[in-house]
Amino acid sequence: AQSVTQLDSHVSVSEGTPVLLRCNYSSSYSPSLFWYVQHPNKGLQLLLKYTSAATLVKGINGFEAEFKKSETSFHLTKPSAHMSDAAEYFCVVSDRAGNTPLVFGKGTRLSVIA
Amino acid sequence: DTGVSQDPRHKITKRGQNVTFRCDPISEHNRLYWYRQTLGQGPEFLTYFQNEAQLEKSRLLSDRFSAERPKGSFSTLEIQRTEQGDSAMYLCASSRLQGAFQETQYFGPGTRLLVL
């Protein structure tokens, strides 16, 4: 069985300050982990994914995440928030072979204050 | 490559009516997924196809729901005798299985269903 816990339902940061969105996972398999972003009235867009290579994964728009097996965490970070980063972010787990469907967390809404 | 498309984007229906949604995946993607997202929640898996075969169905998929992918290309999701609890965003995603590993799932814009 797989599950994801996003530790914050809402995070608010000031423009130009760092972003940290926290995610813990549980998986019976060697996991693949993803972060997707959903802007209002737009589809889900992949930010980054971890499959089995480097534990520090770089994604689009300056986001990155670090896979920590010992802590079962996959937190998303960005050094400096931009207004356009305001959106809903989902941490997602799957097995590496894709034989189980994606399991989404409940999401973290990121607000960026000018 | 135009991405995953879904039709319609919005649907309002009365309780008890049947509705059908269509998903066109990225061409040559052999896997197609349906998810449902309710307000304030992450998407939840409903079912998926590999080519035309439906390989898995979630317990969320009641008898009123049926999905098809007749030629391994587009897919339809039908809900019969809709209920107010069916109101949600229905998302489609596609991916390519190459060898033993699945590539990234790409999502469509979704169909938002409102049952009155």
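Sequence lines set the chain letters: A, B, ... in the order given, protein chains first and strands last, and positions in each chain run from 1.
For L46(A), the part sitting under 4.5 Å from any heavy atom of chain B is the side chain, from C-beta outward, and nothing else. Heavy-atom distances place the side chain of Q37(B), and not its backbone, under 4.5 Å from chain A. Contacts between R9(B) and chain A at a heavy-atom distance below 4.5 Å involve the side chain alone, from C-beta outward. Of the two parts of Q38(A), only the side chain, counted from C-beta on, holds a non-hydrogen atom closer than 4.5 Å to a non-hydrogen atom of chain B. With a threshold of 4.5 angstrom between heavy atoms, L91(B) approaches chain A through side-chain atoms but not through N, CA, C or O.
The cluster map of Ile, Leu, Val, Met, Phe, Trp and Tyr, joined by side-chain heavy atoms under 4.5 Å apart, puts F107(B) and F21(B) in different clusters. By the rule that hydrophobic residues join a cluster once side-chain heavy atoms approach within less than 4.5 Å of another member, F65(B) and L60(B) end up as members of one cluster. Under a hydrophobic-cluster definition in which Ile, Leu, Val, Met, Phe, Trp and Tyr are linked whenever side-chain heavy atoms come within less than 4.5 Å, directly or via other members, L77(B) and F45(B) are assigned to different clusters. Grouping the Ile, Leu, Val, Met, Phe, Trp and Tyr side chains by contacts below 4.5 angstrom, directly or via other members, places F49(B) apart from V4(B).
Atom CG of L114(B) sits in a crowded spot, with more than 12 heavy atoms from other residues, nucleotides or ligands closer than 6.0 Å. At most 12 non-hydrogen atoms from other residues, nucleotides or ligands lie less than 6.0 angstrom from CZ of R15(B). Within 6.0 Å of OH on Y106(B) lie no more than 12 heavy atoms contributed by other residues, nucleotides or ligands. In the displayed structure, L39(B) atom CG is contacted under 6.0 Å by at most 12 heavy atoms of other residues, nucleotides or ligands.
Scanning for ring pair (Phe, Tyr, Trp, His ring centres under 6.0 Å) contacts around F63(A) gives Y89(A), with sequence neighbours left out.
With rounding to the nearest 0.5 Å, the separation of OH in Y35(B) from CZ in F104(A) is 5.5 Å.
Between F90(A) and P43(B) the shortest side-chain heavy-atom distance falls below 4.5 Å.
Residues from residues 67-76 of chain B never place a non-hydrogen atom less than 4.5 Å from a non-hydrogen atom of chain A.
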